[in-house]
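Since the structure comes first, as structure tokens, the remarks are kept for the end.
Positions are given from 1, in the same order as the sequence printed here. Heavy-atom basis, side chains included; hydrogens, waters and symmetry copies ignored.
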Amino acid sequence: MRVLTPPLAVAVALAGLLAATTPATADRGSKPGYRLDCDGSTCTVVATAKPKPHRVQEFVTTIRSGEQVWARDTLYSRDGRVRSRPFTLPQQDVTVDVSVTSLPENHVGTPLRLMSWNLFVGGTFDHKETTGENLTQMIDYMNEVNPDVFFVVEGYGSGQKILDGLNAGRRPNDRYSGVQLTQPQDYSVNGDNLWLYTKLKIEKVYPRYADADISSFNLGGARLGLPNGKHVHAFSLWTWHDGWAYGDTHDAAVQNTHGLPRTKTTEQILEGDRFRRVAMGRAILEKAIPSFIGDDDAPVLMGGDLNAQSHLDWTEQFANAPGHGGVVLPWPYIKQYSDAGFLDTFRYANPDAGRHPGRTWSPFHGMGAIPGRIDYVFARGKDVRVLGSRADVERLPRHQQSPLNRPYPFYSDHGSVVTDILIRGKGRGPDRTPVTEQPGKGRDIWPAAPAGRRVPPAELTATASTFKPGIGDPARAVDGNLTTDFHSDYPVVPPQPHTITVDLGRVRNLSAVRFQPKLRVNMNGTILEGMVQVSDDGVTFRDVKRVAWPRMTAPNDVALDGVAARYIRLRSDYSLGGASALAEIIPYENA
């Protein structure tokens with residue numbers, strides 16, 4: 001049928017597919033009915049099937065354009081009706097596939113919540129946070145998530161405190177067990193890297209594995225018993241950060257976006273994966289895991305910080321998504337996991353990488369110019385169903401009033417990944433609402449220019465209260481060149497506030513001003529809080545607008561609504577690292 005969804009006209013071919021069934025546990029239900037429910041370009045799938053006594057229907061909905069998947073959901077119902085999560089229709093024809101399988105109500109499966117997180121030296125921000133309050137809040141957040149299996153990287157001395165905090169006040173049948181997976185012979189300078197926490201019964205902890213490429217610093221795990229007598233294999237993992245996938249991708253996207261020469265070709269960027277991570281992946285997938293589980297086909301669950309971007313995020317499908325800059329990168333390392341049968345659960349649940357970028361790097365150091373997703377939860381197994389997944393990068397609302405929130409907007413320099421799955425088999429199925437990722441997690445990375453006429457750089461001059469002579473001159477903020485920066489003086493940085501003032505040459509009727517943060521991977525000096533001021537004489541300034549900006553390299557536009565002034569000043573009150581830096585200040589005047 002053809003569905004018109006203003007402002008888009010989308011031809012939707014509805015293809016009803018009856019799912020394959022499992023003998024003795026599922027039967028062929030009636031063919032599902034379904035429709036698209038749209039508000040503009042945002043839609044949901046409403047699907048129905050005839051309910052049956054003492055049975056549960058498993059609905060699977062998929063939105064695709066040819067081979068490109070834009071949305072998918074696995075949903076369970078006892079009344080024969082489900083509604084998918086919202087998705088955005090692409091600007092092309094899509095096919096809606098809906099399947100339904102009917103299951104006995106006591107043979108739906110076991111729900112599990114999985115969580116993966118790098119704790120940044122045990123919740124201490126590399127020992128910079130010394131009060132212990134961040135770890136206390138971190139444990140409170142862990143309890144809020146309430147995972148059944150929790151994969152931890154950089155436990156680094158906090159492992160037992162976390163276990164004690166997770167169990168404080170819990171009922172006996174709801175307590176966690178914790179396993180330190182990294183063995184003493186593999187400690188780095190910091191110590192016990194990998195931990196595994198779980199509410200499931202730990203049936204066996206796997207022995208240390210080590211070869212030329214990995215050790216227990218990189219991989220460790222255990223066999224965990226399910227309540228229905230079955231079991232799963234669970235592994236925490238960490239792989240090498242050299243050959244930095246995030247930094248090279250960031251530079252390529254910025255350079256493409258702004259028409260600058262590329263410093264690295266696509267092939268040179270991909271070499272970052274091949275430097276060390278690809279060999280580590282082979283050791284993990286082809287040697288270590290088979291040595292632990294043999295030919296057992298029970299589900300395998302893994303989570304950790306892999307320091308790698310996903311091939312699923314950087315395809316032609318998403319080349320023009322916010323922050324991608326037309327960059328297409330067939331990353332080889334994460335593809336190894338896909339080739340080995342593992343689902344990247346976040347991207348499986350959220351296949352539209354433009355709508356759901358899933359940033360996990362870095363709420364502390366800054367989100368930069370690209371969606372940096374380097375932390376993962378993987379699952380493999382014929383009975384595994386992914387119900388939902390999200391990436392968390394902000395403190396809980398009750399913790400945002402804490403003094404820690406300003407310097408440390410999340411509890412770690414990595415976001416966490418939380419995934420809900422179901423393992424088909426004996427059990428009544430999902431027992432809580434699956435987690436859901438919020439679209440965007442921030443604005444488009446490169447917004448359109450403000451309204452008005454851009455004041456030419458040749459008509460501007462700038463001064464600053466502090467600057468690094470030569471390489472940080474304030475003139476660099478009005479030279480029209482995005483690759484040069486104003487930067488406050490260093491290595492001894494004067495305390496804030498800092499100011500940078502632009503002389504417009506004459507009084508102008510201003511529509512807006514754009515403040516472009518420096519476009520480098522190192523975001524030190526990126527201004528987060530300040531005041532925009534104007535003046536007629538360069539001596540007496542009046543406040544126009546207080547600003548609070550995200551930790552991104554996106555331009556920050558301030559509407560001036562016809563303010564008449566000759567001088568614009570930005571007072572930098574708070575920034576990353578205590579310095580102040582900008583690539584450009586771009587005023588716009590009314591014609």
Could you tell me if the side chain of [Y] sits less than 4.5 Å from the side chain of [X], heavy atoms only?
X      : Y      : answer
Asp305 : Trp361 : no
Phe318 : Asp352 : yes
Pro409 : Arg551 : yes
Thr61  : Val96  : no
Leu528 : Leu576 : yes
Pro555 : Pro447 : yes
His311 : Pro332 : no
Arg113 : Val418 : yes

Worksheet item: Does Arg277 have any salt bridge (charged side-chain N to carboxylate O under 4.0 Å, His left out) partners at least two apart in sequence or in another chain, and if so, which?
Response: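 Here the qualifying residues are Asp273.
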
Where [X] and [Y] come nearest, the two heavy atoms and their spacing:
X      : Y      : value
Thr540 : Ser535 : O-OG, 2.7 Å
Gly415 : Pro363 : N-CD, 3.9 Å
Pro439 : His356 : CA-CD2, 3.8 Å
Pro434 : Asp420 : CA-OD2, 3.1 Å
Pro474 : Ala462 : O-CB, 3.6 Å
Ala321 : Gly354 : CB-CA, 3.7 Å

Worksheet item: Going by the angle between their ring planes, with limits at 30° and 60°, are Tyr141 and Tyr411 parallel, tilted or perpendicular?
Response: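 Ring orientation of Tyr141 relative to Tyr411: parallel.
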
Item to complete: Over 60° means perpendicular and under 30° means parallel, so classify the ring planes of Phe364 and Phe125, tilted if in between.
Response: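 Answer is perpendicular, since the angle exceeds 60°.
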
Taking atom types as modelled and ignoring hydrogens, do the side chains of [X] and [Y] form a donor-acceptor contact shorter than 3.5 angstrom?
X      : Y      : result
Tyr376 : Thr360 : no
Gln400 : Asn405 : no
Glu437 : Ser389 : no
Ser402 : Gln137 : yes
Ser580 : Ser572 : yes
Asp479 : Thr484 : yes

Measuring from [X]:[atom1] to [Y]:[atom2], what's the distance to the nearest 0.5 Å?
X      : Y      : atom1 : atom2 : answer
Ile269 : Leu329 : CD1   : CG    : 5.5 Å
Glu133 : Thr131 : CD    : OG1   : 6.0 Å
Asp126 : Tyr156 : CG    : OH    : 9.5 Å
Met531 : Asp573 : CE    : CG    : 7.5 Å
Ile568 : Ile500 : CD1   : CD1   : 11.5 Å
Leu560 : Lys545 : CG    : NZ    : 7.0 Å

Discussion item. Using a 6.0 Å distance limit plus a 45 degree cone around the ring axis, check whether Arg395 lies over the aromatic ring of Phe410.
Written reply: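 Checked: cation-pi criterion not met.
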
Worksheet item: Under 6.0 Å from the six-membered ring centre of Phe486 and within 45° of its axis: does the NZ or CZ of Arg476 meet both?
Response: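 No, Arg476 does not sit over the ring of Phe486.
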
Could you tell me whether [X] and [Y] have a side-chain N and a carboxylate O separated by less than 4.0 Å?
X      : Y      : value
Glu584 : Lys518 : no
Asp37  : Arg83  : yes
Arg454 : Glu459 : no
Arg508 : Glu589 : yes
Arg566 : Asp503 : yes

Keeping [X] on the side-chain end and [Y] on the backbone end, is there a donor-acceptor pair under 3.5 Å?
X      : Y      : answer
Thr44  : Ser84  : no
Asn509 : Gly562 : yes
Asp473 : Ala475 : no
Arg85  : Arg72  : yes
Asn256 : Ala253 : no
Asn481 : Thr483 : yes
Gln516 : Thr553 : yes
Glu129 : Asn134 : yes
Arg262 : Lys264 : yes
Gln255 : Thr263 : yes

Worksheet entry | CA sep, side-chain torsions, deciding dist, call: Glu529, Arg546, salt bridge (Lys or Arg N to Asp or Glu O under 4.0 Å) | CA-CA 8 Å; Glu529 299 174 18; Arg546 181 168 296 281; over 6 Å; no

Worksheet entry | Pairs satisfying salt bridge (charged side-chain N to carboxylate O under 4.0 Å, His left out), at least one member in residues 307-321, at least two apart |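 Pairs touching residues 307-321 that pass the test: Asp313-Arg347, Asp313-Arg373.
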
Worksheet item: Can you list the steps and then say if Val94 with Arg64 is a side-chain contact (heavy atoms from CB on, under 4.5 Å)?
Response: CA-CA 5 Å; Val94 299; Arg64 66 177 78 247; over 6 Å; no

Is the distance from the ring center of [X] to that of [Y] below 6.0 Å?
X      : Y      : answer
Tyr246 : Trp244 : yes
His414 : Trp117 : no
Phe515 : Trp549 : yes

Worksheet entry | Trace of the side-chain contact (heavy atoms from CB on, under 4.5 Å) decision for Leu306 with Trp238 | CA-CA 5 Å; Leu306 274 69; Trp238 176 85; over 6 Å; no

Practice prompt. Under the side-chain hydrogen bond (donor to acceptor under 3.5 Å, both in side chains) rule, what do Thr88 and Arg355 come out as? Steps first, then yes or no, please.
Written response: CA-CA 8 Å; Thr88 300; Arg355 179 179 170 88; 2.8 Å; yes

Worksheet entry | Candidate pair Gln533 and Arg571, rule side-chain contact (heavy atoms from CB on, under 4.5 Å), full reasoning | CA-CA 8 Å; Gln533 303 171 313; Arg571 189 185 74 213; 3.7 Å; yes

Discussion item. As a quick check of understanding, evaluate side-chain contact (heavy atoms from CB on, under 4.5 Å) for Leu119 and Ser158, giving each step before the final call.
Written reply: CA-CA 9 Å; Leu119 307 185; Ser158 296; 5.7 Å; no

